[in-house]
Amino acid sequence: MPEGPEIRRAADMLAAAVQHQPLTRVWFAFPELERYAPQLVGQTIVRFETHGKALLTHFSGGLILYSHNQLYGVWRVSTPGSEADSARSLRVRLETATSAILLYSASDIEMLNSDTVTRHPFLSKAGPDVLNSTLTVQAVRERLMSPRFCRRQLGSLLLDQKFLAGLGNYLRAEILWQAQVSGLDAVRDLDDAQVTALADACLSVARLSYQTRGQVDENYHHGALFRFRVFQREGEPCERCGTGIIKTVLSGRPFWFCPHCQPVVRKS
């Protein structure tokens, strides 16, 4: 499943293709959405907003298209009138005179407005967006130490969108490795410095992934670009200590960690 950084980059791509251009064609696969198509033609998309793994497409008339890619959904940019990819199920087509954006295979799609968006089952319960530039390390630290979250096992907590929206499996592994804490511990097992390091990693790892993942820099300096330190690196040496990376299962998902750099603090 794509995580917050991937959804934010998709939003950037879609905005560059069609934002502020009048829509010339609108099509939805679902009948409950297709009834909105006629009124959307001629409107513009004023902005794309992400909240964790959800994307909100804001139309100039006030409607808001909610979409969550889940495991298989993907947005593509194409040309107006282009044929759909026959290997995927097309769910949404939004066209302007110059570009088309197409959503394939997603099933969690709804049309909202300014009132219903605040009551949406996912959005109303999700925690702060990890990529929100106003979210601070101190605010994340306070959430970690709150009664609601401090007793939760970290391996589970970092997958819970109610804690921070946008984190997922690869970010979980990379954040815990950077903070040098175990996924088996809870926040209450950690000392003050470890809690601060974890709060900082939650933001810095996710934001670095959004800004640089997939980029190649021939003049690479350590830490300048995002890359996997532990995720999917089973058996390879840890960059810090040389110990072999271990793969296990944590909270029902594959998990990678360094057994030397991420010792378990919890005594029982």
Side-chain angles (χ1 to χ4, degrees), residues 1-14 16 50 52-53 55 69 71-77 128-133 135-137 140 144 154-161 163-185 193-263:
M1 179 184 294
E3 302 180 24
E6 289 70 48
I7 300 301
R8 181 65 64 85
R9 283 198 298 274
D12 293 343
M13 173 187 72
L14 300 178
T50 61
K53 303 175 187 181
L55 175 65
N69 285 10
L71 284 174
Y72 303 111
V74 61
W75 282 96
R76 297 279 187 248
V77 173
D129 187 329
V130 72
L131 295 178
N132 187 326
S133 61
L135 184 62
T136 65
V137 171
V140 175
L144 285 166
L154 293 174
S156 170
L157 179 62
L158 295 191
L159 296 180
D160 187 348
Q161 299 304 290
F163 169 59
L164 287 179
L167 299 183
N169 203 36
Y170 84 78
L171 286 174
R172 170 181 73 157
E174 297 301 318
I175 287 167
L176 293 173
W177 180 84
Q178 178 163 306
Q180 300 186 57
V181 295
S182 170
L184 295 174
D185 285 320
Q194 288 174 312
V195 175
T196 299
L198 178 59
D200 180 82
C202 285
L203 297 185
S204 62
V205 172
R207 291 170 179 178
L208 186 65
S209 177
Y210 163 61
Q211 294 163 1
T212 69
R213 187 180 175 196
Q215 296 181 18
V216 177
D217 184 355
E218 295 180 355
N219 300 312
Y220 171 80
H221 297 289
H222 184 72
L225 295 179
F226 178 88
R227 59 193 178 89
F228 294 142
R229 265 65 179 189
V230 286
F231 182 74
Q232 296 184 335
R233 293 191 58 203
E234 178 183 7
E236 297 182 34
C238 170
E239 293 184 5
R240 272 194 301 253
C241 70
T243 303
I245 301 300
I246 291 177
K247 178 184 179 182
T248 186
V249 175
L250 190 58
S251 298
R253 303 288 302 279
F255 180 69
W256 292 262
F257 70 103
C258 172
H260 180 266
C261 291
Q262 298 170 261

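It should be emphasised that the depicted structure is a prediction, and the values quoted were computed from it without experimental measurement.
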Next on the checklist: Do F257 and L250 make a side-chain contact, defined as non-hydrogen atoms from C-beta onward lying under 4.5 Å apart?
Outcome noted: no
Next on the checklist: Tell me if a side-chain donor or acceptor on E234 pairs with a main-chain N or O of I246 at a distance below 3.5 Å.
Outcome noted: no
Next on the checklist: Could you tell me if the side chain of V137 sits less than 4.5 Å from the side chain of V140, heavy atoms only?
Outcome noted: no
Item to check | Interatomic distance, Y170 atom OH to F231 atom CZ [nearest 0.5 angstrom] | outcome: 9.0 Å
Checklist entry - Do the side chains of V230 and F255 get nearer than 4.5 Å, heavy atoms only? => result no
Item to check | Under 3.5 Å donor-acceptor, E174 side chain and F228 backbone | outcome: no
Next on the checklist: I'd like to check V130 versus R207 (side-chain heavy atoms, cut-off strictly below 4.5 Å). Are they in contact?
Outcome noted: no
Checklist entry - Taking all non-hydrogen atoms of both residues, which atom of L167 and which atom of A206 are closest, and how far apart? => result CD2-CB, 4.3 Å
Checklist entry - At their closest point, which heavy atom of C241 faces which heavy atom of C258, and how far apart are they? => result SG-SG, 3.5 Å
Checklist entry - So do R76 and V74 actually touch side chain to side chain, heavy atoms under 4.5 Å? => result yes
Checklist outcome for this item: Tightest non-hydrogen contact, residues G244 and P259, listed as O-CD, 3.5 Å
Item to check | Q262 side chain vs A179 backbone, donor-acceptor pair below 3.5 Å | outcome: no
Checklist entry - Just by modelled atom types, is the G52 backbone N or O under 3.5 Å from a matching donor or acceptor in the T50 side chain? => result no
Next on the checklist: If I take atom CZ from residue R9 and atom CG from residue L14, how far apart are they, to the nearest 0.5 angstrom?
Outcome noted: 13.0 Å
Checklist entry - Any side-chain heavy-atom pair from L157 and L144 closer than 4.5 angstrom? => result yes
Checklist outcome for this item: Sorted by chain and number, sequence neighbours left out, ring-ring contact (aromatic ring centres under 6.0 Å, His included) with Y72 holds for none
Next on the checklist: Could you go through L154 and L198, starting from their C-alpha distance and side-chain angles, then the distance that decides it, and tell me whether this counts as side-chain contact (heavy atoms from CB on, under 4.5 Å)?
Outcome noted: CA-CA 10 Å; L154 293 174; L198 178 59; 3.7 Å; yes
Next on the checklist: Show, in sequence, the C-alpha distance, side-chain angles and deciding distance for L176 and W256, and conclude whether the side-chain contact (heavy atoms from CB on, under 4.5 Å) test is met.
Outcome noted: CA-CA 10 Å; L176 293 173; W256 292 262; over 6 Å; no
Checklist entry - Applying the side-chain contact (heavy atoms from CB on, under 4.5 Å) test to L158, which of L171, L164, I175 qualifies? => result I175
Next on the checklist: Would the distance check show the side chain of N169 and the main-chain N or O of P254 forming a donor-acceptor pair, the cut-off being under 3.5 Å?
Outcome noted: yes
Next on the checklist: Checking the side chain of E3 only, and the main-chain atoms of G168 only, is there a donor and an acceptor separated by less than 3.5 Å?
Outcome noted: yes
Item to check | Rounded distance (nearest 0.5 Å) linking atom CG of L203 with atom CG of L131 | outcome: 9.0 Å
Item to check | Side chains of D129 and L135 in contact at under 4.5 Å (non-hydrogen atoms) | outcome: no
Next on the checklist: Between S204 (side chain only) and D200 (backbone N and O only), is there a donor and an acceptor less than 3.5 Å apart?
Outcome noted: yes
Next on the checklist: Quick check for you: to the nearest 0.5 Å, what is the distance between R233 atom CZ and C238 atom SG?
Outcome noted: 8.0 Å
Checklist outcome for this item: Residues F226 and T212: closest non-hydrogen pair is N-OG1, 2.7 Å
Item to check | L159 versus R172, closest heavy-atom pair with distance | outcome: CD1-NH1, 3.6 Å
Checklist entry - Is the closest side-chain heavy-atom distance between H260 and Q180 below 4.5 Å? => result no
Item to check | Short side-chain to backbone donor-acceptor contact, R229 and A173, under 3.5 Å | outcome: no
Checklist entry - What's the spacing between Q232 CD and I245 CD1 if we round to 0.5 Å? => result 13.0 Å
Checklist entry - What heavy-atom pair brings C202 and F163 nearest, and what distance separates the two atoms? => result SG-CE2, 4.5 Å
Checklist entry - When rounded to the nearest 0.5 angstrom, what distance separates CD in Q194 from OG in S182? => result 10.0 Å
Next on the checklist: Treating R240 as the side-chain partner and W177 as the backbone partner, does any N or O pair qualify as donor plus acceptor under 3.5 Å?
Outcome noted: yes
